[in-house]
Amino acid sequence: MATVSIREVHKHYDDFHAVKGVSLEIKDHEFVVLVGPSGCGKTTTLRMVAGLETITEGRVLIGDTVVNELPPMDRDIAMVFQNYALYPHMSVYDNMAFGLKMRKFDKAEIKRRVDNAADILGIKDHLHRKPRQLSGGQRQRVALGRAIVRNPQVFLFDEPLSNLDAKLRVQMRVELKKLHQRLGTTAIYVTHDQVEAMTLGDRVVVMKDGLIQQVGEPLDLYNTPANKYVAGFIGSPAMNFADVIIAQNGSGLVAANNAIKIGVPEHLTAPLGAHVGMPATFGIRPEDLRIADGSEPSTQTFEAVVEVAEQLGSEILLDVSCGPNSMVASVDPTVRVKPGEKIRLAFNPKRAHFFDGTTEAAVRG
Amino acid sequence: MAVAASTATPERVIVPKPKWRPLESERNLAWLLLLPTMVLLGLFIAYPFMRGLMLSVTDSRVGVPGEFVGLDNFRKLAVDPIFHAVVWNTCLYTLVTTIFKLALGLWLALLLNRTFKFKAFTRAFILLPFIIPTVLSTFAWKWMFDPTFSVLNWMLYQTGMIRVAINWLGDGDLAMLSIIIVNIWRGVPFFAISLLAGLQTISPDLNEAAAIDGARPWQRFWHITWPLLLPVTMVVVLFSVIQTFADFQIVYVMTGGGPANATHLFATYAYQLGVGTGLLSQGAAVSLAMFPILLLIVIAQLLYIRRVEVR
Amino acid sequence: MIEGEAWRRWVYFRIPLALFLIFLLFPFYWMVITTFRPDGELYRPWRAVNYTPFWTWNPTLDHIKYLFSETMFATWMWNTMFIALASTVISLFCGVLAGYALSRLNFPFAGSLGTGIFITYLVPQTLLFIPLSEIIRNYKLGDTPWSLILTYPTFLIPFCTWLMMGYFKAVPKELEECARIDGASRWQAMLYIIIPVAVPGILSAGIFAFTLSWNEFIYALVFLSSPEQKTVPVGVVSELIRGDVFFWGPLMAGALLGSIPVAIAYSFFVEHYVSGLTGSVKG
Ligand SMILES: Nc1ncnc2c1ncn2[C@@H]1O[C@H](COP(=O)(O)OP(=O)(O)OP(=O)(O)O)[C@@H](O)[C@H]1O
Ligand SMILES: [Mg+2]
C-alpha cells in the first residue's frame, strides 16, 4: 500500500487540453473520490495514474517512485472499469488468476488467493462459470475480485457502479466501503454521482474543465463549498441560488434583487463589506429553508409562490418561484400548501452562502 | 514503505530507470506486427507492379530480355482491333452482368429475408456456386452448352421454344451471352447473401410503421428498404465490378476468348499474348491497361464510403 | 409479416424461390449425374429418342476410376490441400497481426497503411500474373508449391487484415487495458486476451481464405507446369482435355471430387463463412 502524489499534471490530446494542472496528495489507506461533470477529465486523470495515457506534463508518484515512464504492468495497481472488462473467454477463476499468472505466482498460491477473494465477495459458487453467465452484480464482484487478489499498492475505480440498477448500486456501494475498511488499500474512485462521492470518499475532489475546484472531506464540501460550482454540485436537491446586489443598510448589509431583500448574516458582513454596490450570489440549501412562522426577523425571510409540492413522506419538496429565480425548499411533511399560494420562507442565517459575482468564489467569515 | 511524505521535509524520490521494453511502445509493436505483411505484399504486389510497368515499356518475350521501347506497346494496343474488341467486351460483360446480379441478388435477398422452413439450409445451399471452384463449375456449364449433347437445347426443344439446335459457344454473340449467364449464376449468391445481411440490419419497425401509414409494399421498398440498403449495395456492386472486370476463369474455360476473339476480356487477352504467344511485354501492357479503370472504381468507392461515414 | 391468401405466397414467394434454387443448383446436379453416367449414354445426341438427361439406370464408377488410374488426380488433391492450408495459415498469421496493429494501436501512418492494404485488397490477380511469373522464375520458385504458397497470401492477407480489423474494433479497449494493468505486456495482452476473444473472426477469415485459395486458378495455371505439381483446377483443365476432345465423364467426376473438400469445409463453418463474406464487404 502506498501514497499517490499527482503533481501539476497536464494532459493534451493533440490540441485539446483535457487536464490543466491537477495536483493531489493521496495518503496511504485513503479512499479518494474524483467527482465532476461529464468530460471534466476525471477518467483521463485516473488513466494517467494507471499508465494507460501518457502524462504530457507533471509527475505522478506511487509511494516514492516516479511512475511517469513505467508501463502499467510495472506500476502494481489494479483497476476496475465501468464495463467490468471481464475476459469473456476465461472462467471467473481464470479471470481472477490472470494477473497472478502474469506475475508468475505458483499454482497453490494463486488458488489460495482466488478462493480467499471469492469468499470475501461471495462468488465461490460461480468460479467455473464464464462471465456471460453472470448477472450484472456478480460480474461487478468478479471485477472487484480480480483487483483484490493481486493485493496491489493502489486501487483505481472508474465509475464501477454506473452499469448497475439503482438498488444494486446502493448495495454494492456499501460493500465497497466495507471492503475498503477491511483491506485498507489506497483507492482512487471516479464517479459523476455526488451521492457516491459523499458516501464513499474519505476525501472528495471536485473537478471541472480539467481543473480541481476543491478537495476536502465530504462534510467540508457540503458545509463550506469553495465556490458556487462546488456548492451547486454537492448536495441533493441542489443548493438554491439568487443573484443579488449587496447594499449598505445602516450598520449592516442587505442583499437584494427585485424579488427578495434579505439581511446579510452578521458573520459575513465584514468580508462582504468590500462588495457593497456589487453583484453577488446568495446561496441556500433546500434543507435550510422552512416556512416562516412569524417568529423570525423579516431580514431572514422572503416571499415565494408555490408551484409544485412534492410529498415525499419524510419531507415535502416545494418548488417555488421567487421573482426570476426558482428555488426548492424542503419543509415539514405536515405543512399544507397549494400550488399558486403565496408563502414566506425563512432561512437559517448561519448556513447562508454568498459568492463573489465575478469569480464565483465563496465569501467566508 | 509508507513514507509520511510531508512537503516540508525534502523528500526522497526514486526515478526508476524503466526496464528496456521496446514492444511496450505502440509504434515499435505496430511496425513489428506489420512487418510480415509488408514483406509479403512488397515482394509479391508492389515489386511485381513495378516489374509490370517496366515490362510494358520494353519488348521482352519469354527468354529475351528486351529493350526499352517507350510507349510502343500501348501505341500498338491503341490500333489493335482485337484490343478494341476486348475493351468493348469487358465493359459490356461487366455492365450487363452487374445489372442482372444486382436485380436478381436483391430479389433473392428479399425472398430469403422472410421466415420459412429450412431457411438456414436454403441459404447455405444458395452459396454453393460462389464457393465451388469456378473453373470446375464452369466446366459443368460448358458441358451443358455443348453443341451436340446440350441439355439446354433439349429442354428448350422439349418445351417447344426452339426447332433447331443452338450452337451456344460457336457464335460470337451467343458465346458472349453464355459467359454472361455463367457469370450471373456465379455472382448472384454473393449479392444475395451480402444484401440479405444488409436487409437484416434494417429494423422491421420501420416497415411496419410505414405500412401503418398506408404505404404499399412497392412504396415501402422504394422509400425505406432501398435507401437504407444503398451503402451496402454500393460496396457490393463495386467489389463485384472489380472482380468481373478482371475476370479470367469463366471465359478461359468456356470459350478461351473465341470464337474469333469475340469473347476476349482484358485478362484472357493478356494471358494469350503473354503466356500463349510469349509476348511478355504486350501481355503486361494489356493487363496494366486495366489499372486506371480499376483505380477509378476504387477511388469512387473510397470517396463514397467516406461520404457515408461523414453522414 | 402480414400474410395474404395462399396463392400470393405461391406467386410471390414459393415459385420464385424454387426457380432460383433450380437455376443455382442445377449445374451441380448435372455434374453429379454426368459423373455416374456411362459413356454410351453421355455421348447420345440430345435429339436421340432415348435421351434421358436427368436420370441414369446404369450408374457407373468408371469415370472416377479413370481419374485415379489414368491421371494424377490424387496428387492434385493433395497439392491443392497442402497449398490451400499453408497459404491460409500464412495469411492468417500476417492478417491477424496486421489487423491488430491497424485497428488497436496508435502510430504514425496507421491510416494511410490501412488504406494501402484496402487498395491491395482490390487488386485482382489478373493484373499482376505476367510480371509475377517472371519474378517466380527468377526466384527459382517456378513449378513448386512455394510459388503459390507465397503468392496466394497477396490476395488473402489484405482480406484477412480487413476482416480482422472489423472484429478487433468490436472488442472493448478496456479488455486489453485491464490485462496490461494486470501485469501483461502489450504483446501478452494481444496474445492471451484479444486474439482469443477474436477467434470467431479468425475462423471466418480462415475458412474464407481456404476456399479462396482452393479456388485460385490463374497463378496456378501460369506458375505450374509439370503434371505432378498441379492443383485440381489446373490439372482438370490441362490433363482431361486433349486438343478438342473433352473427357466429359472424368472431367465432371474431377469437378465433383475437387469441389468436395471445400464443400465439406464450408458445411462445417457456414455461419463463419457467411460472416466472413458479409464482413468483407462491410469493412
Ligand atoms: N483519446 C482522446 N482523444 C481526444 N480527446 C479525448 C480523448 N479522451 C478523452 N478526451 C477528451 O478529454 C476530456 C476529458 O475526458 P474524460 O474521459 O477524462 O472525462 P470524464 O471526466 O471521465 O467524463 P465522464 O464522466 O463522461 O466519463 C473530454 O472532453 C474528452 O472529450
Ligand atoms: Mg469517464
Side-chain angles (χ1 to χ4, degrees), chain A residues 13-14 43 46-54 67 70-90 94-105 110 130-132 142-160 163, chain C residues 92-93 96-97 99-114 163-207 269 271-272 275 279:
Chain A
Y13 288 112
D14 299 323
T43 299
L46 194 73
R47 289 167 58 84
M48 286 193 286
V49 175
L52 298 172
E53 299 282 353
T54 54
V67 295
L70 291 184
M73 58 191 289
D74 294 332
R75 293 193 183 191
D76 198 12
I77 47 177
M79 184 156 170
V80 178
F81 293 85
Q82 175 173 356
N83 59 5
Y84 318 139
L86 299 181
Y87 311 132
H89 59 299
M90 295 184 184
D94 290 331
N95 261 282
M96 303 215 299
F98 182 77
L100 300 172
K101 281 183 190 153
M102 286 291 114
R103 293 191 158 75
K104 310 243 168 0
F105 280 75
I110 293 179
K130 289 278 169 64
R132 65 169 178 281
V142 177
L144 283 175
R146 198 166 56 176
I148 65 178
V149 285
R150 297 229 329 267
N151 195 16
Q153 305 248 31
V154 184
F155 283 145
L156 306 177
F157 299 95
D158 191 358
E159 310 205 10
N163 276 11
Chain C
L92 277 182
F93 176 79
V96 166
L97 298 187
Y100 180 86
L102 289 174
S103 59
R104 298 187 76 90
L105 297 177
N106 262 322
F107 60 100
F109 309 118
S112 33
L113 265 173
L163 193 66
M164 289 317 298
M165 280 171 72
Y167 275 91
F168 283 137
K169 271 188 200 142
V171 179
K173 73 177 192 321
E174 284 86 359
L175 234 51
E176 170 177 35
E177 291 175 348
C178 192
R180 291 177 60 212
I181 289 175
D182 266 353
S185 63
R186 277 186 190 276
W187 174 261
Q188 286 170 317
M190 176 184 86
L191 209 60
Y192 297 138
I193 306 295
I194 305 303
I195 290 183
V197 170
V199 160
I202 298 177
L203 274 179
S204 295
I207 183 71
F269 298 102
E271 285 314 312
H272 287 110
S275 75

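In what follows, chains carry the letters A, B, and so on, assigned in the order in which the sequence lines appear, proteins first and then strands, with residues in each chain numbered from 1.
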_Show the nearest heavy-atom pair for residues A/L52 and A/P72, with the distance to one decimal._
CD2-CG, 4.1 Å

*C/A189 versus chain A, heavy atoms under 4.5 Å apart: side chain, backbone, both or neither?*
neither

_Contact origin within A/L100 toward chain C - heavy atom pairs under 4.5 Å_ = neither

*asked:* Tell me whether A/K101 is salt-bridged to A/D94, with the criterion being a basic N under 4.0 Å from an acidic carboxylate O.
replied: yes

_Full working for side-chain contact (heavy atoms from CB on, under 4.5 Å) between A/F155 and A/I148_ = CA-CA 8 Å; A/F155 283 145; A/I148 65 178; 3.3 Å; yes

*asked:* So which atom in A/A147 and which in A/P152 form the shortest heavy-atom distance, rounded to 0.1 Å?
replied: O-CD, 3.5 Å

*Of all of C/A179, C/C178, C/S185, which one pairs up most often with chain A through heavy atoms under 4.5 Å apart?*
C/C178

_Partner chain C: residue of A/I77, A/N83, A/V80 with the largest heavy-atom pair count (under 4.5 Å)_ = A/N83

*Does a side chain donor of either A/Y84 or A/N95 reach within less than 3.5 Å of an acceptor in the other side chain?*
no

*Could you list the residues that satisfy salt bridge (Lys or Arg N to Asp or Glu O under 4.0 Å) with A/R75, not counting sequence neighbours?*
none

*Close approach to chain A in residues 190-203 of chain C, criterion heavy atom under 4.5 Å*: C/Y192, C/I193, C/P196, C/V197

*Measuring heavy-atom distances to chain A, does C/Q188 have an atom under 4.5 Å in its side chain, in its backbone, in both, or in neither?*
side chain

*About how many Å separate CG of A/N151 and CD of A/Q153, when rounded to the nearest 0.5 Å?*
9.0 Å

*When only heavy atoms count and the cut-off is under 4.5 Å, which of residues 105-112 of chain C reach chain A?*
none

_All side chain to side chain donor-acceptor pair (under 3.5 Å) counterparts of C/R180, not counting sequence neighbours_ = none

